[in-house]
Structures are given as structure tokens and as C-alpha cells.
Participant: 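Here's a structure for you.
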Number of protein chains: 2
Amino acid sequence: MITLKEIAKECGVSTATVSNILNGKNKVSEETREKVMAVVKERGYKLNYVAQGLRKQKTQTIGVIAEDIVQFTTPEIIEGIMEVCEERGYRTIVQNLRLYSRWQDLWFDNEKMYYSVMDPAVQEMASIRVDGIVYVAGHARNIHRFPSEYQIPSVLAYAYSQEKDVPSVVIDDEEGARLIVEHLIKKGHTKIGVMAGEQENIHTKLRILGYQKALFDAGILYNPELVCYAGWGKELSYGAAEELLSKDITAIFCMSDRNAGGVYKYLFENGKQAGRDISIVGFDDEMISDFMTPRLTTMRIDRLQIGKRAVEFLFDKMEGKEVPDEIKVPCRLIDRESVLEL
Amino acid sequence: MITLKEIAKECGVSTATVSNILNGKNKVSEETREKVMAVVKERGYKLNYVAQGLRKQKTQTIGVIAEDIVQFTTPEIIEGIMEVCEERGYRTIVQNLRLYSRWQDLWFDNEKMYYSVMDPAVQEMASIRVDGIVYVAGHARNIHRFPSEYQIPSVLAYAYSQEKDVPSVVIDDEEGARLIVEHLIKKGHTKIGVMAGEQENIHTKLRILGYQKALFDAGILYNPELVCYAGWGKELSYGAAEELLSKDITAIFCMSDRNAGGVYKYLFENGKQAGRDISIVGFDDEMISDFMTPRLTTMRIDRLQIGKRAVEFLFDKMEGKEVPDEIKVPCRLIDRESVLEL
DNA sequence: TTGTACGCGTTATCAG
DNA sequence: CTGATAACGCGTACAA
């Protein structure tokens, strides 16, 4: 591949001049500029970012560390990050921890395993000399320790930070839950069960809070017996559906669309239907919610926005601006046909 | 960030010695090795890939150009690529063309628009000096021109190549379609409608071929009137469902799970059900197919495998091995509950 | 076994 | 306006 030096030689000028021309420094005569540009085009010269990075001590690159690129929230978050980076003339480099494919859910309890993958990833980013890092969570929700030895400005997307100097962009779980439960209440429901996620998970806890708040605002007693913890997947909530439905309820607030899918499955097998025999709402607005029959009313997580806000946040930090510890991205109600008006 | 030179100075040895130690060249005494390693660890030295890349003229990096990272097939393909790269000690850098978010479907007819995004992406990869490129398609199916001016070894994943020196990894559309239609025939169906994708699309054409083949093998006449072209989404096939269902058929072969979703919607609204009143099969095995009621029988596209095969293919090419023009990854039948046995 | 010196491709500095 | 030259951090002949 042809280099700047060769271009210079071919034009009979110095490398400095070629560099100046390429970088639009206006201390160059029109004559030489044209001549050089002609050769550049003709020979298909392409700047070498590697050399440039070395010289400038700046790579114009943002590193993205994703816990799992196949997690449904991740691609859109990354898309948001990339969109903003492109606008700003930054490149992006993505690392994929592949947490799930490595260990399924086993790693969750094991910090040592987790950091055995996480630390090298950050080191890689350091070696690449990225100018900043966005960590995109997919499974873990609390990041206890983010290696800061390298002083690379970093932000967390879709995870709650436990470190002062690593701020985070999260969704407003509590308000999202409050809104969707309020929606049920407005439709006349007062006996509302909950198909919740993992009990110790922070999203679960915050959404329970939102649920309680909505009940409180409507003067409805909170009955812990109506809350059923069933992980985030379809299978467990399918198994738990019978018991929950046997209680005296008219609606179920599912903490994920997949949970709702489990309930739908149970209903289907028993000749019942959401939006007719009982009301169901979900959370996430995954694509599946639009393909369920009837289509599921749910809360949209604005994943693109999470990504965008996260990098903007990061750029602010890189420029030395004062930044808050946390930004909350609101959720939006997607009203479909799974809720019955009483 | 601390450099090799500084480590050397601090240890009272030369940079060459430190470099040799770090790279495991065995011309170093155990004594100095230990001393140097101690300092390296203590000071948190991290190799500078930028400098190394410049010096070695090799970046150990594979570039991934994705048409759309939010396309449902893309993340898993990339995951497969990354898995193999990691095994081989290669880094990965991803570019996202964001075709859909830029222009929705408008670009499809406009090669100029397309290449206005595609060319710079390849140039970027060239500037980064990646050692090879995997192009991951999401929308386009025929890549007519892949910029080869930079002589970077390249392969296409999930797209059909039109260029000799750019081979591709695709799925076996024809055989996949044949298999699933054969499945219907085995269940006793002979009057099988088709909810097809875009008429001019290569996947559509190949799958029609597979459909015809299955009919032929079973001695069933091919009736073009039973084929309905409805794009790849849910809406058009919802609109087309009524007409198709009014024909004398007992089963529908949908060319995508989303198409099947449109048919399901129509059925639901008319009090009918797949797997009871009519048989439906899909294609893709998107997650939605597992959440439809009843769950959809469909063909699984092995996306992970596409990614893996594509990079392995690329590595072969980089090593100068002889490679075929095309590799076909087989599809697999996922048998669920949307097909009725006659 | 260890050190010296050069070059990879670019940009910044300064002198002409 | 243009050119010579010195970095940037690392790897590697070659010399010691």
C-alpha cells in the first residue's frame, strides 16, 4: 500500500507538504495542492491510521465492551453508540465478552470467572489506546469494579455503576413499572398479580417499587402473595402461571415480555386468552410482543437512546466536563390488545 | 501510559531485552527476566498495539462490515466470527453501515447511495490496516462490486457474491425450502400455498425452487396461483392472507417467520388457528416463532455457523490456500405445533 | 546474554 | 509557502 513518503517523492515535494495538504492546512499554494491531490487520487493513497495514531497519541476510537452481542438489548444500544460516534468522526471498536455462550448463567455468582474475561477485555482496549470506553451490559446489572488502572474515561450503558468515576446510563425501571401498572388501574383493575424476574436482581426490585407506588397512589393494598418470582425466561413463568392465576386477580404485570410469553402459553393450553379472560402486560417491547396473539401491551425500553446518551455522556467526560453519576432514560407505554377494560 | 523504553530504563537494561522477554524469545537470563517482569507487573505496563502494528506491518485484526447490526441475523453471525477470531488470537473491529436506519428500504434500488456508504467503510478498514474483511449482509443479497483496490482478503457472509475473488458463505435456501415442504407433504398435505418474500429476491427464488422440487418428488402439480408475494414483513402478508386462504389449500409455506406472523394475525382475527384449522410453517427460526401460539414449525438458519465458517474461510484465504467460491450452510427443521397431520 | 541503532508512516516544529 | 528533522513506541538485525 502506497505511503505518504512515496507520494511526496513522486511529486517532488516533502512529506510535510503532502501532510499539510491532506490535513487542509492552508499554507500551501494552489498549484502544488492540485498536483499532489492528483497523484494521491491516482495512486489510491490511503492514510495509515496506525501510524497516525502513534504520532498523534490519539486514535479517534471509542471502545465498546459488550457483555453479549446476542442479547436482545445490545445491538440497538451499539447502533446508537455508533451513530453518535460517526457524527463526531470517531471510530468504534467492539469487543464481545460472550458471557452467555461461555457459561450460560453460571458466571453470575462467580466474580472470579467474570473478571477473568472482563479484565483482559479492558486491557485490550488499553492496548489499542482507545480514547474512551462504553461498557454495554446485557446480564450483569451491577458492575462492582471497573478496571480504572488505565485512566481511560468510561461509562456504563444499561447497568448500575458501583464506582464513583464510572457513571452510567440506565432505564427508569421504577417509573416504567409505575406507569404500566397505572395503566392497568386506569382500565379498572385492582387485583393485579406480578410475574417478576429474578428476586435479587436490581431491575426486579425497582419494578416492584414502581408497582407498589402505583398501587399506593390508587389506594390499593399491596399484597406480597400476588408477587411470583420466575426469572426472566419463558419456561419458569409458564410453570408458575397456574398458581398465580389461581389467585384472585384480573391482571398480571409481567416483568419481561418473555415472562408474558410463558403466561400466554399456559393460557393457550387451557383455552384461555389474554385480553379476553385476563389482562396481561409485559416489559421490554421485544419483537416477540408484537407477534403474540393478541399483541402484548408492554413498556418500550429505548435502547437506541441508551446507546446515544451513553456516548454523549462519555464525550462530555472526555472533554473534562462535569457529569452526573447517572442518567435515566424513560420508558414508553406501548398500548396493544392484551388488556381488558373492566 | 508507561512505555517499554521506560521499563527498560527503570530496570537498567535495554529496550531490546525487555522486548525479547515480553515476546518470549529465550535468549534471556532467568535473573533479568524476573526482574523485568516484576517491574512490568508493578507498573502495569501494557503493550501498545498501535506502535506494534506499525512496526510489524500486521495488525492481527479482522474487520467486520455489517450492513445492519440490528438485523436479526447479524449479531449471531458476528458472534460466530468473534469466537473464531478469539481462538486464533485475532482482534475484531466492527463497522455498522446502518443501511436500514439511514434509508429504510429506499437504498435497495439505488446503487449510488449504497456505495456512498459501502466504499468509505472499506476504505476505513484499509486505513486501519486490517488483515482481512468479513462482510455481513442483512438486506442486500447480491453484492455486485466489492472494492478490491486495496487487496485485502475478503469474504461475504450471508450474501451471494458476484465477484470471483470474493467468495461467500450462504445458507442452503433451496434445500431448506424443499425439506420443510417435504415435511408438510409427509403430514399428508398436497394443496400447499406459499407466502413468499420479495419477488426479485434471490432467497425467494431459491426457496420457490425448493418448493417446486418437493412437489415434483411427490408427484404434485405446481400451481403458480398458489404463490403470493408479500415481502418479508408481517403487514403485507397479513393483507394477503385472506386471498391466499380463500384458495383451496390446507397448508401455507411462509418464507419468513414474520410472514407467518401476518397470517397468524389474520387467523386470530377470524377465530381460526394454525395447527387446528390450517397448517403453517415459517422460515428463519427467529425468536418470535417460539412465542407464537401455537409455536411455529420453521427452518433454523444456523447463524453462528455462518459466521464461523466465514472467518475460517477468510483465514484460509489469508494463508493463500485454495478456496471454493461458495460454501452452503444447511438449515435445520424445527418441528413445533403449527402443522396438522391430515 | 545484552545493547545499539534503525525503520515502520505520520505529524509537529522550526528554520529557510 | 516549503522543507528538513525529530519524535511517537516497538521489533529486529547486527554488534559487542
Side-chain angles (χ1 to χ4, degrees), chain A residues 1-37 39-40 43-61 89 91 123-131 150, chain B residues 1-37 39-40 43-61 89 91 123-131 150:
Chain A
M1 204 161 294
I2 190 162
T3 70
L4 185 145
K5 195 192 275 181
E6 295 172 87
I7 296 282
K9 188 193 280 181
E10 200 168 318
C11 295
V13 299
S14 76
T15 59
T17 301
V18 178
S19 177
N20 281 333
I21 291 171
L22 259 21
N23 291 290
K25 304 249 197 284
N26 49 0
K27 348 173 181 179
V28 181
S29 75
E30 198 51 42
E31 194 180 1
T32 44
R33 142 172 282 114
E34 276 170 23
K35 182 173 165 191
V36 169
M37 288 312 281
V39 177
V40 162
R43 301 293 304 268
Y45 166 78
K46 267 315 282 176
L47 177 59
N48 184 330
Y49 287 155
V50 180
Q52 188 188 50
L54 180 60
R55 175 63 242 222
K56 288 224 229 178
Q57 294 293 81
K58 194 157 185 310
T59 50
Q60 286 281 318
T61 301
R91 295 185 286 282
Q123 297 220 359
E124 275 279 313
M125 289 299 182
S127 275
I128 294 165
R129 299 294 194 264
V130 296
D131 299 324
Y150 310 113
Chain B
M1 204 160 294
I2 190 162
T3 69
L4 185 146
K5 196 194 276 178
E6 295 173 85
I7 295 282
K9 188 194 280 179
E10 200 167 319
C11 295
V13 299
S14 76
T15 58
T17 302
V18 178
S19 176
N20 281 332
I21 291 172
L22 260 21
N23 292 289
K25 305 251 197 278
N26 51 357
K27 349 172 180 178
V28 182
S29 76
E30 198 50 41
E31 196 180 1
T32 43
R33 144 171 282 115
E34 276 170 22
K35 184 173 166 190
V36 169
M37 289 311 283
V39 177
V40 162
R43 301 293 305 267
Y45 166 78
K46 267 316 282 175
L47 177 59
N48 185 329
Y49 288 156
V50 180
Q52 189 187 52
L54 182 60
R55 174 62 241 221
K56 290 225 246 184
Q57 293 294 82
K58 192 155 187 310
T59 50
Q60 285 282 318
T61 301
R91 294 185 284 281
Q123 297 219 359
E124 275 278 313
M125 289 299 180
S127 275
I128 294 166
R129 300 296 194 264
V130 296
D131 300 324
Y150 309 113

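All values below were derived from every heavy atom in this structure, side-chain atoms included, with hydrogens, water molecules and symmetry-related copies excluded. All of these numbers come straight from a predicted model, not from anything done at the bench. In the text below, chain A, chain B and the rest are named by the order of the sequence lines, each starting its count at 1.
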Participant: What is the distance, to the nearest angstrom, from the OH atom on Y49(B) to the P atom on dG9(C)?
Facilitator: 21 Å

Participant: Taking the minimum atom-to-atom distance to the side chain of L47(A), which one of dG3(C), dG11(D), dT11(C) wins?
Facilitator: dT11(C)

Participant: Do S127(B) side-chain atoms and L47(A) backbone N/O form a donor-acceptor pair below 3.5 Å?
Facilitator: yes

Participant: Would you please confirm or rule out a distance under 4.0 Å between OP1 or OP2 of dG9(D) and any side-chain N or O of Q52(B)?
Facilitator: no

Participant: In whole angstrom, give the distance that lies between atom CD of Q57(B) and atom P of dG9(C).
Facilitator: 5 Å

Participant: OP1 or OP2 of dT2(D) less than 4.0 angstrom from a side-chain nitrogen or oxygen of T17(A), does that happen here?
Facilitator: no

Participant: Of the candidate nucleotides dG11(D), dA12(C), dG3(C), which contains the atom at the shortest distance from the side chain of K56(B)?
Facilitator: dG11(D)

Participant: Tell me whether the NZ or CZ atom of R91(A) lies within the 45° cone about the ring axis of Y49(A) and under 6.0 Å from its centre.
Facilitator: yes

Participant: Specify the separation, in whole Å, of atom CZ of R129(A) and atom P of dC8(D).
Facilitator: 13 Å

Participant: By nearest nucleotide on DNA chain D, pick out whichever of T32(A) and T15(A) is the more 5' one.
Facilitator: T32(A)

Participant: Measure from the side-chain N and O atoms of T61(B) to the backbone N and O of T59(B), and report whether any donor-acceptor pair falls under 3.5 Å.
Facilitator: yes

Participant: Check the distance between dC10(D)'s P and L22(B)'s CG and give it to me in whole angstrom.
Facilitator: 9 Å

Participant: When you measure from the side chain of E6(B) to the backbone N and O of T3(B), does any donor-acceptor pair fall under 3.5 Å?
Facilitator: yes

Participant: Round to the nearest Å and state the distance from I2(B) atom CD1 to dG9(D) atom P.
Facilitator: 11 Å

Participant: Any donor-acceptor pair under 3.5 Å joining the side chain of R55(A) to the base of dA7(D)?
Facilitator: yes

Participant: Rounded to the nearest Å, what distance is computed from the NZ atom of residue K58(B) to the C1' atom of nucleotide dT12(D)?
Facilitator: 17 Å

Participant: Without decimals, in angstroms, what is the distance between N20(B) CG and dT4(C) C1'?
Facilitator: 13 Å

Participant: Would you mind classifying the nucleic acid contact of S29(A) as base, sugar-phosphate or nothing, using non-hydrogen atoms under 4.0 angstrom?
Facilitator: sugar-phosphate

Participant: Mind checking Y45(A) for me? I need base, sugar-phosphate or nothing, with any heavy atom below 4.0 Å counting as a touch.
Facilitator: sugar-phosphate

Participant: Does V13(B) or A51(B) map to a spot on DNA chain C nearer the 5' end, using the closest nucleotide for each?
Facilitator: V13(B)

Participant: Do the side chain of K5(A) and the main chain of T15(A) share a donor and acceptor less than 3.5 angstrom apart?
Facilitator: no

Participant: Select base, sugar-phosphate, or nothing to describe what L54(B) touches, counting heavy atoms under 4.0 Å on all strands.
Facilitator: base

Participant: Quick one: L4(B) CG to dT4(C) C1', roughly how many Å, whole number?
Facilitator: 15 Å

Participant: Using a cut-off of less than 4.0 Å, is there contact between a side-chain N or O of T3(B) and OP1 or OP2 of dG9(D)?
Facilitator: no

